[in-house]
Amino acid sequence: MNQERSRHILLIQIKDSPSNKMSNLGLQVRQAVPSIDPVVADYAVGYINHIEHSISDSVLSQNLNIEDEINFIADLLRDAGGDDTKIGKLSSSVISKLEEEYKSNQAKLELTGDSSKRLLDINLLKNHTNKRNINSSLALLGVSRDIEHTGRHVESRVDKKKLAQAERKIAAKVAKRANAFVKYEASKLINANDEEENYDEFFLKINPIEFGSGAGKSKDIFIDTFDLYVGEGRRILSDAQLQLSYGHRYGIVGQNGIGKSTLLKALSRRELNVPKHMTILHVEQEIRGSEVSAIQSVLDADVWRKQLLSEQKKHNERIEEIEKLRSEFDEDSLEVKKLDNERDDLDAHLHEIEEKLYEMESDKAEARAASILFGLGFTRETQQNPTNSFSGGWRMRLSLARALFCKPDLLLLDEPSNMLDVPSITFLANYLQTYPSTVVVVSHDRAFLNEVATDIIHQHSERLDYYRGQNFDTFYATKEERYKNQLREYENQMAYRKHLQEFIDKFRYNAAKSSEAQSRIKKLEKLPILAPPEEDKAITFKFPDPENLSPPILQLLNVSFGYNPKDLLLKDVDLDIQMNSRIAIVGANGCGKTTLLKLLMQNLNPLQGSVSKNGRLRIGYFAQHHVDSMDLTLSAVDWMSTAYPGRTDEEYRRHLGAFGITGSLGLQKMQLLSGGQKSRVAFAALCMNNPHVLIMDEPSNHLDTAGLEALSDALNNFKGGVLMVSHDVNVIDTVCKEIWVSEAGTVKRFEGNIYDYKKYILAKADASGVVKKH
């Protein structure tokens with residue numbers, strides 16, 4: 001019997017239907033159980049709607065016990081945290097309506113006598129009424145997949161012949177619902193190993209060449225009501241809408257692990273419905289090294305241009321062959337006519353190719369590619385070096401250069417500032433400000449988003465909130481104001497509800513006041529159900545305060561260094577760090593910033609000059625590639641106890657908690673933590689020896705907005721000295737009082753703040769013509 005009952009799962013319709021006689025049922029359920037999980041609420045409404053539908057069905061209505069069915073739903077709502085009194089009233093009301101309808105329909109129905117067809121086995125499902133266990137209940141009933149929370153896809157191993165009659169009755173509704181609600185999931189394209197896919201083939205698969213004119217076709221993107229999943233069915237977006245206006249630059253912000261990168265990847269594979277006439281390019285990983293030069297790899301990135309030039313060359317070669325062959329035959333021969341027809345076809349296609357090449361300004365390609373590479377830190381000499389001679393960070397820059405060169409209609413950038421230094425970030429921000437197409441960038445760099453973004457998309461709680469016409473600072477202020485207003489509205493309603501409830505409780509059974517009490521009951525029922533506004537999780541870092549030291553603390557005196565004595569990387573550097581120092585070292589990648597930190601740490605010895613250090617000085621060092629020093633198979637607590645022995649597990653957990661690694665996070669294997677969480681573990685390890693001076697190499701990488709704010713606050717409150725190499729302009733501006741620039745083989749103090757340095761960079765780029773050439 002259970003198997004027969006399970007077959008009717010297919011008929012359950014989760015969403016309320018406006019045409020349903022009980023269309024306000026969803027509201028009544030939520031009023032009875034304000035804290036109910038949407039999955040349970042939708043399941044309950046769909047179950048009751050199906051019972052109503054079954055009443056008029058000759059097969060489904062036989063032996064139907066309405067009271068038992070509704071009591072099952074009542075038990076489910078009670079387990080979901082509902083008020084027993086409200087659920088009792090709701091159950092009585094629903095039973096009364098259904099029984100009345102059942103009696104009126106029974107006279108019209110011809111009973112078949114088959115008593116085996118029922119909705120679900122109540123005794124079985126009563127033991128599985130929570131969201132998690134409904135899945136296992138359905139599995140026991142032989143259903144191949146759970147009812148999705150939207151109700152749009154419900155699959156089951158059923159005998160469709162036996163359900164043909166019922167399916168015909170709801171086919172129109174199901175078809176209409178399926179068209180209205182589309183569910184997108186991360187498909188095989190997203191899970192595929194990109195390394196196995198040829199770049200040219202993948203590019204043309206996503207962006208096929210179209211010779212027809214795209215003029216007049218809208219390049220706005222509007223995707224209505226979609227879900228997005230990642231991994232083992234983990235949902236990151238639910239009933240979301242994506243709206244991208246052509247020519248706008250969108251910054252997607254949200255906490256680490258919320259699914260921002262997955263959204264970009266789904267767009268880049270056309271897993272979401274992007275118009276086919278729009279080209280898409282996503283910068284997500286470094287290119288594979290080869291003997292191809294850097295500039296040629298950028299030129300080759302435009303596969304359309306590459307393919308068109310190849311076809312143009314082949315067509316011209318064939319035309320030359322035709323001219324030679326033509327001379328071997330008589331002018332009026334059939335062979336000549338065939339050759340002339342082929343020549344005409346080639347000429348027509350050549351004309352299309354040349355128009356397309358002209359449209360994409362193919363003749364200016366090399367100059368544009370060189371300009372982009374130069375702006376991203378590649379000198380004219382290194383542009384000719386093979387790509388396999390560059391490190392991973394520089395290959396990521398090449399990937400970015402390739403994307404900028406292609407000028408796609410939809411450019412997707414995932415944390416682009418993580419791979420760049422301040423000069424290159426400045427160039428990129430300036431470049432994107434005049435980018436003619438749509439840009440979507442995931443970034444936690446506030447200064448970068450302030451310069452680039454025209455709109456902000458806040459991804460959280462499985463939804464997308466839009467802040468149009470706002471950069472990051474404006475968005476942040478608006479979000480805070482919106483939160484305060486929502487909190488005020490929620491608190492006011494709670495106070496009003498309490499006032500009404502107190503009056504009702506006091507006078508409900510008072511004959512003189514009963515009518516007023518009933519009036520207030522109706523008011524209470526009509527109040528919209530407000531959930532408390534969500535507040536971002538607060539994260540705090542705390543660096544322990546060291547004892548004071550007398551100067552000098554740490555000095556570089558006339559230091560010169562080079563890995564090759566004949567080719568000095570740093571020359572005549574003088575740098576003094578005190579207990580109150582807040583110093584940022586900036587400059588192009590490869591100019592010796594990290595080398596300077598190693599000299600200060602005495603991991604390298606200078607060729608000339610000396611390093612002076614207080615004998616009691618303790619230094620905390622944060623390495624750019626800190627993950628390399630961690631054993632990711634261990635938990636944070638186990639790794640800390642191995643690397644810094646001598647404390648109890650409770651002390652390690654308390655110490656990690658000061659950097660946002662709380663609860664079970666400290667006991668999970670670190671390979672399961674996000675990049676930002678691994679960084680927090682590294683910050684906790686940084687100060688295990690209670691350092692007097694913090695030396696940090698790119699500390700802002702991988703931290704989300706909350707983490708960056710926590711880091712800035714902790715550094716400002718720290719009583720020791722701080723020296724950092726960083727590309728995050730906002731962190732530098734918030735924390736550092738001195739800017740030191742590494743360029744031209746030396747390190748010198750810069751007169752001005754970080755924004756003055758950015759102006760200095762732009763002025764240099766403008767003088768060289770780099771900025772204006774794109």
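In this chain, residues are counted from 1 in sequence order.
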>> Treating H277 as the side-chain partner and S218 as the backbone partner, does any N or O pair qualify as donor plus acceptor under 3.5 Å?
In response: yes
> Roughly how far, to the nearest 0.5 Å, is the CD1 atom of I754 from the NZ atom of K759?
Replying inline: 12.5 Å
>> The test is side-chain contact (heavy atoms from CB on, under 4.5 Å); show your working for D345 and E342 and say whether it passes.
In response: CA-CA 5 Å; D345 290 341; E342 184 183 353; 5.6 Å; no
> Does the R270 side chain pair with the main chain of P275, one donor and one acceptor, at a distance under 3.5 Å?
Replying inline: yes
>> Which residue in the set I456, L242, D455 passes side-chain contact (heavy atoms from CB on, under 4.5 Å) when paired with Y466?
In response: L242
>> Are the side chains of D421 and R397 in contact, using a 4.5 Å heavy-atom criterion?
In response: yes
> Which distance, rounded to the nearest 0.5 Å, do you find between the NZ of K276 and the NZ of K217?
Replying inline: 10.5 Å
> Just wondering, are more than 12 heavy atoms of other shown residues or ligands nearer than 6.0 Å to CG in D332?
Replying inline: no
> Is a side-chain N or O of Q383 found less than 3.5 angstrom from the main chain of A370, in a donor-acceptor match?
Replying inline: yes
> What are the two closest non-hydrogen atoms of R305 and A365, and how far apart are they?
Replying inline: NE-CB, 3.4 Å
>> If you define the side chain from C-beta out and look only at heavy atoms, does anything of H444 sit under 4.5 Å from E415?
In response: yes
> Salt bridge between E321 and R318, side-chain N to carboxylate O under 4.0 Å?
Replying inline: yes
> Between H248 and Y250, what is the ring plane arrangement, given parallel below 30°, perpendicular above 60°, and tilted in between?
Replying inline: parallel
> Can you name the closest pair of heavy atoms from A301 and C406 and give their distance?
Replying inline: O-SG, 3.3 Å
> Below 4.5 Å, heavy atoms only, C-beta onward: do L376 and Y431 meet side chain to side chain?
Replying inline: no
>> So which atom in S437 and which in D409 form the shortest heavy-atom distance, rounded to 0.1 Å?
In response: CB-O, 3.3 Å
> Heavy-atom distance under 4.5 Å between the side chains of D465 and K479, does that happen here?
Replying inline: no
>> What I want to find out is whether E331 reaches R326 closely enough, with some N-O distance under 4.0 Å, to be called a salt bridge.
In response: yes
> Given the rule in the side-chain contact (heavy atoms from CB on, under 4.5 Å) test, do L272 and I221 qualify, once you have shown the distances and angles that lead to the verdict?
Replying inline: CA-CA 10 Å; L272 302 182; I221 297 173; over 6 Å; no
>> Ignoring hydrogens and geometry beyond distance, is a side-chain donor-acceptor pair present between T426 and K758 at under 3.5 Å?
In response: yes
> If only atom types and distance count, is the side chain of K260 paired as donor or acceptor with the main-chain N or O of Q255 below 3.5 Å?
Replying inline: yes
>> Evaluate F448 against V441 for side-chain contact (heavy atoms from CB on, under 4.5 Å), listing each step before the verdict.
In response: CA-CA 10 Å; F448 180 75; V441 55; 4.0 Å; yes
> Which heavy atom of S371 sits nearest a heavy atom of F427, and at what distance?
Replying inline: O-CZ, 4.2 Å
>> Distance alone, cut at 3.5 Å: any donor-acceptor contact between the side chains of S297 and D300?
In response: no
>> Do the side chains of K265 and E271 get close enough for a salt bridge, i.e. N-O under 4.0 angstrom?
In response: no
> Out of curiosity, R368 CZ to D363 CG, how far, rounded to the nearest 0.5 Å?
Replying inline: 10.5 Å
>> With salt bridge (charged side-chain N to carboxylate O under 4.0 Å, His left out) as the rule and sequence neighbours excluded, what pairs involving residues 430-446 come up?
In response: R446-D473, R446-E709
> Once the angle between the rings of W394 and F378 is folded into 0 to 90°, is it parallel (under 30°), tilted (30 to 60°) or perpendicular (over 60°)?
Replying inline: perpendicular
>> So, taking the atom named CG in L267 and the one named CD1 in I223, what distance separates them when rounded to the nearest 0.5 Å?
In response: 6.0 Å
>> Check this for me: E323, atom CD, are more than 12 non-hydrogen atoms of other residues, nucleotides or ligands nearer than 6.0 Å?
In response: yes
> Has the side chain of D756 got a donor or acceptor atom that lies under 3.5 Å from a matching backbone atom of N753?
Replying inline: yes
> Checking K593 side chain against G587 main chain: does a donor-acceptor pair fall under 3.5 Å?
Replying inline: yes
> Any donor-acceptor pair under 3.5 Å linking the side chain of D239 with the backbone of T225?
Replying inline: no
> Where do L404 and L411 land on the side-chain contact (heavy atoms from CB on, under 4.5 Å) test, with the steps shown first?
Replying inline: CA-CA 8 Å; L404 295 179; L411 176 61; 3.9 Å; yes
> Could you state the interatomic distance from CG (L228) to CZ (R235), rounded to the nearest 0.5 Å?
Replying inline: 11.0 Å
>> Using side-chain heavy atoms (C-beta onward) and a distance below 4.5 Å, is L464 in contact with L237?
In response: yes
>> If I take atom CG from residue L410 and atom OH from residue Y246, how far apart are they, to the nearest 0.5 angstrom?
In response: 10.0 Å
> Got W304 and T279 here, is their nearest side-chain heavy-atom distance under 4.5 Å?
Replying inline: yes
> Side-chain contact, heavy-atom cut-off 4.5 Å: S443 with S417?
Replying inline: yes
> What residues form a salt bridge (Lys or Arg N to Asp or Glu O under 4.0 Å) with E698, not counting sequence neighbours?
Replying inline: none
> Between F472 and F475, what is the ring plane arrangement, given parallel below 30°, perpendicular above 60°, and tilted in between?
Replying inline: perpendicular
> Going by heavy atoms in the side chains, are N385 and F390 under 4.5 Å from each other?
Replying inline: yes
> Between L703 and G707, which heavy-atom pair has the shortest distance, and what is it?
Replying inline: CD1-O, 4.0 Å
> Which atoms form the tightest heavy-atom contact between L281 and R402, and what is the distance?
Replying inline: CD2-O, 4.2 Å
> Do NZ/NE/NH1/NH2 and the carboxylate oxygens of K306 and D302 come within less than 4.0 Å?
Replying inline: no
> Counting only N and O atoms by type, is there a donor-acceptor contact under 3.5 Å from the side chain of Q433 to the main-chain atoms of E451?
Replying inline: yes
